[in-house]
> 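A single structure is presented below for examination.
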Amino acid sequence: MKINTFFAVPAVILASQFVNAQSATQKLNPIVENFVNETNNHSQLEDMAFELLDGIGPRLVGTPEMLKSNEWTANKLKSWGIDATLQQFGTWKGWQRGTTHVDMVYPRVKSLSATQLAWSPSTKKAVEAEVIVLPKVASKAEFDQWLPSAKGKIVLMAQYQKIGRSDEQIKEFATPELYEKLKAEKEQASKDFRDYVKNIGYDNNTLPEALEKAGAAGIAISNWTGIMGANRIFGAKTSKIPMIDIDVEDYGMLYRMAEKGSKPRIKIDAQSKILPDEKTFNTVGMIKGSEKPNEYVILSAHLDSWDGAQGATDNGTGVLTMLETMRILKKYYPNPKRTIVVGLWGSEEQGLNGSRGFVADNPEIIKGTQAVFNQDNGTGRVVNIAGQGFVKSYDYIGKWLNAVPKNVRDHIKTDFPGMPVGGGSDHASFVAAGVPGFSLGSLNWGYFGYTWHTTKDTYDKIVFDEVKNNVILTATLAYMASEDPEFTSRERRTMPENDKGEIAKWPEVKEPRRDSKDYK
């Protein structure tokens, strides 16, 4: 085993070496050089991450924590002398997570690793019941005949995972023949479960409703990512009974026990609170333009998260990047040519609602927007920027990137004019409206498998050196976009044919969901 030894070097020395190395190969604009020095010598990223992620925690729409995060971000901006407001775009069902304890009490005692799903009803008092699995039936008629059997039981509703090891680990240690065998078995098991759910006539929304209506005492799933220890946490589909997610190891144990007739019993004590509907807000900050105040550069990130963990990389890192960028811009570029806006959106996870609300509610800003820079896919350094279907995007993005420090710029691959996105993250809300909105696409760092919407999206997964890289990039792009003598072209590309031989269409502007009525 190789042991790595790290030697401590004062940050100021490292930063000066960094700048000197830059200067040797690239003459930086003095303002950009200030951005680099400030980011490396006086970063507030870690302190802000502590306050937001450890202090406030996850930021599920409709929770008191979401409102706290809106107020915290607005106050942070104001503390730097930046005008900031909360713009309401709707309401959402109120809810607050409480303590959750899940224990197996028969045939032996074991505390289980489990998480109550978002918006799940509380148990008020602990619910203890036998655990059962879904029946081996082949039709909706057979399943509906079985449904009364769920009364008073806690039903395991998710697919059983025979092997709880990641594909990467299996590939590393198995023989090629064994790897292919296990891979085929896993794929077949997933197909069989999908076919089963289809054959019984239900889906992920309607099956919990049917079980609840039949009198089940609770529902348990295991939304395992395929990486050991990481489960995704989304919203409950029940209105009266608790719905929980159990880690793959404990879920598998319960499943085997129930299937083999051991009749395991578990106790669920979930003390969440259903609250009155809450107002939903975007946090919006502005540094007023000195020459073209009615033209705008928008820095974009969604503030809300799912709440299985802290929402660190989805999208705490994007929020931190934009906040730190605004702090540095205010300090070293306090009188921008164009107005610089930061938008920290709410309810992105439920359909880009905050950014769509902003687009709908601020037509004059949208009319005058020079560019939008959005960051929303993890802690990694930015490595991709696409033109989003704007014909002339190469002309201005390429020019702005030339001012970015070479060691930041050299990681980035570009695609011009690219194709417009219809969803995925908040830049899509602007692109649909014909506004040049660009995703600052980050290096993966295990994002989609390990931290995206999972129980492992925590502070310790942030790589702050990578986030600093993105602050330097974003600050430089904002500065260059603000200073550019020209207003960006909104000319759209000629759309190609899709797989069906039809001409692809530019994404349509969609109305935000203003409340949680009928949300599933």
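Predicted model, so just to flag it, every value in this text is computed and none were measured.
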> Give the intermediate values and the outcome of side chain to side chain donor-acceptor pair (under 3.5 Å) for residues Gln310 and Asp54.
CA-CA 7 Å; Gln310 293 172 303; Asp54 288 340; 2.8 Å; yes

> Start with the C-alpha distance between Ser393 and Gln388, add both sets of side-chain angles, then the distance that settles side chain to side chain donor-acceptor pair (under 3.5 Å), and finish with yes or no.
CA-CA 8 Å; Ser393 55; Gln388 298 300 326; over 6 Å; no

> Relative to the ring of Phe373, is the ring of Trp400 parallel (under 30°), tilted (30 to 60°) or perpendicular (over 60°)?
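Correct class here is perpendicular.
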
> What do the steps show when you test Asn37 against Glu33 for side chain to side chain donor-acceptor pair (under 3.5 Å), and what is the final call?
CA-CA 6 Å; Asn37 283 327; Glu33 189 166 337; 4.6 Å; no

> Excluding sequence neighbours, so at least two apart, what forms side-chain contact (heavy atoms from CB on, under 4.5 Å) with Asp465?
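For Asp465, the residues satisfying side-chain contact (heavy atoms from CB on, under 4.5 Å) (neighbours in sequence not counted) are Lys468.
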
> Just jot down the salt bridge (charged side-chain N to carboxylate O under 4.0 Å, His left out) partners of Lys181, sequence neighbours excluded, or say none.
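Per chain and number, Lys181 pairs via salt bridge (charged side-chain N to carboxylate O under 4.0 Å, His left out) with Glu185.
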
> Excluding sequence neighbours, so at least two apart, what forms salt bridge (charged side-chain N to carboxylate O under 4.0 Å, His left out) with Lys392?
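Only Glu491 meet the salt bridge (charged side-chain N to carboxylate O under 4.0 Å, His left out) criterion with Lys392.
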
> Under the rule for side chain to side chain donor-acceptor pair (under 3.5 Å), what residues qualify as partners of Thr283, not counting sequence neighbours?
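With sequence neighbours excluded, Thr283 shows a side chain to side chain donor-acceptor pair (under 3.5 Å) to Asn70, Thr73, given in chain and number order.
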
> Is the shortest distance from a Lys or Arg side-chain nitrogen in Lys461 or Asp314 to a carboxylate oxygen in the other one below 4.0 Å?
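Result for this pair is no, no salt bridge flagged.
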
> Closer than 4.0 angstrom, basic N to acidic O: yes or no for Arg327 and Glu38?
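Salt bridge flag = yes for Glu38 with Arg327.
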
> Please determine if Arg381 and Glu466 form a salt bridge, counting it only when a charged side-chain N lies under 4.0 Å from a carboxylate O.
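Salt bridge: yes.
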
> So, using salt bridge (charged side-chain N to carboxylate O under 4.0 Å, His left out) as the criterion, who are the partners of Glu511 when residues are at least two apart?
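Testing Glu511 for salt bridge (charged side-chain N to carboxylate O under 4.0 Å, His left out), a comparison that skips the adjacent residues, returns none.
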
> Any side-chain heavy atom of Lys162 sitting closer than 4.5 Å to one from Tyr160?
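With C-beta onward as the side chain, the pair touches.
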
> Quick one: does Gln370's side chain have a donor or acceptor within less than 3.5 Å of a partner on Thr488's backbone?
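Checked: pair present.
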
> Can you name the residues that form a salt bridge (charged side-chain N to carboxylate O under 4.0 Å, His left out) with Glu209, not counting sequence neighbours?
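Only Lys520 meet the salt bridge (charged side-chain N to carboxylate O under 4.0 Å, His left out) criterion with Glu209.
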
> Treating Ser482 as the side-chain partner and Lys337 as the backbone partner, does any N or O pair qualify as donor plus acceptor under 3.5 Å?
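Here the side-chain-to-backbone pair exists.
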
> Does this structure show an ion pair linking Glu71 with Lys68, if we count only N-O contacts that are shorter than 4.0 Å?
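No.
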
> Looking only at side chains, do Thr451 and Thr313 share a donor and an acceptor under 3.5 Å apart?
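Per modelled atom types, Thr451 and Thr313 side chains form a pair under 3.5 Å.
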
